[in-house]
Every structure is written in C-alpha cells, then in structure tokens.
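Single-structure report; data block below.
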Amino acid sequence: IIAYITEFGSITSKEAFDRIGVGRLASRIHDLTEMGYEFERKTETNVNRYGAKTSYTRYRLKSDGENLDRQ
C-alpha cells in the first residue's frame, strides 16, 4: 500500500483490490496508522455502472516528511 501510494500518489478501495489484491483497505490503513504512518482522507463521489451515486475514500500519505522516515 505504501509503495503504491508512493508511486501513484493515492489509493482507493477499488484500486487496492484491482491492482494490488488488497481487500478491506480501510483496515489496512488503520494498521499502517497504528505503525505511525499518517494519511489524508478525501471522500469522493462518482456514478457507478448502474447510474447511482456512490461515495468512496481516497487515501494519500501526508506530505509533512514524517512518513519518509518509516519507509
């Protein structure tokens, strides 16, 4: 997850599942937070394949330099 965010800038649950095989992204983000990583969270809204509105969270590492020491 950290490597993916570092390379691509952010991650969503769908990206995590489709691209790196991680389910339950929010739980993994929680685990990483417990390890000392800090994340920015942004709720985004889009339309799903059926035309219904859906919301999801996009995670980014905070860019304060604190996370660089943990990689």
Side-chain angles (χ1 to χ4, degrees):
I1 294 169
I2 298 301
Y4 184 92
I5 294 173
T6 300
E7 183 172 349
F8 296 102
S10 64
I11 195 165
T12 65
S13 293
K14 183 168 182 358
E15 291 167 348
F17 187 78
D18 291 347
R19 297 182 184 169
I20 59 175
V22 171
R24 299 186 59 210
L25 178 62
S27 293
R28 302 298 68 82
I29 294 291
H30 173 78
D31 294 343
L32 291 166
T33 300
E34 292 287 313
M35 294 170 59
Y37 288 94
E38 295 182 15
F39 295 89
E40 295 175 1
R41 293 163 172 81
K42 179 181 177 190
T43 302
E44 297 182 355
T45 303
N46 211 330
V47 177
N48 67 17
R49 68 180 119 185
Y50 305 109
K53 283 175 78 173
T54 186
S55 296
Y56 53 91
T57 301
R58 180 171 299 280
Y59 298 92
R60 286 180 168 69
L61 284 170
K62 285 194 175 179
S63 58
D64 58 7
E66 291 292 317
N67 292 307
L68 297 176
D69 297 335
R70 291 173 187 77
Q71 294 184 17

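This chain uses plain numbering: 1 for the first residue, then up along the sequence.
- The hydrophobic cluster containing Phe39 does not contain Tyr56, counting ILVMFWY residues as joined when their side-chain heavy atoms lie under 4.5 angstrom apart, directly or transitively.
- A distance of 9.0 Å separates CD in Glu15 from CZ in Phe8, rounded to the nearest 0.5 Å.
- Heavy atoms only, all atoms of each residue included: Arg60 and Ser10 are closest at CG-CB, 3.6 Å.
- Interatomic distance, Glu40 CD to Tyr59 OH, rounded to the nearest 0.5 Å: 13.0 Å.
- Note on Ile20 and Tyr37: same hydrophobic cluster, where clusters join Ile, Leu, Val, Met, Phe, Trp and Tyr whose side-chain heavy atoms are under 4.5 Å apart, directly or indirectly.
- Phe17 CZ: 12 or fewer foreign heavy atoms inside a 6.0 Å radius.
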* To do: Please step through side-chain contact (heavy atoms from CB on, under 4.5 Å) for the pair Leu25 and Thr12, ending with a clear verdict.
  => CA-CA 8 Å; Leu25 178 62; Thr12 65; 5.6 Å; no
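- For the atom pair CG of Leu32 and OG of Ser27, the computed distance is 11.0 Å after rounding to the nearest 0.5 Å.
- Note that NZ of Lys14 is 12.0 Å distant from CZ of Arg58, once rounded to the nearest 0.5 Å.
- Shown here for Thr45 and Ser55, the closest heavy-atom pair between the two residues is OG1-OG, 3.4 Å.
- If you chain together hydrophobic residues whose side chains sit under 4.5 Å apart, Ile2 and Met35 fall into the same group.
- For Arg28, the salt bridge (charged side-chain N to carboxylate O under 4.0 Å, His left out) partners are Asp31, not counting sequence neighbours.
- Of the inter-residue distances, the one linking Leu61 atom CG with Glu38 atom CD reads 9.5 Å to the nearest 0.5 angstrom.
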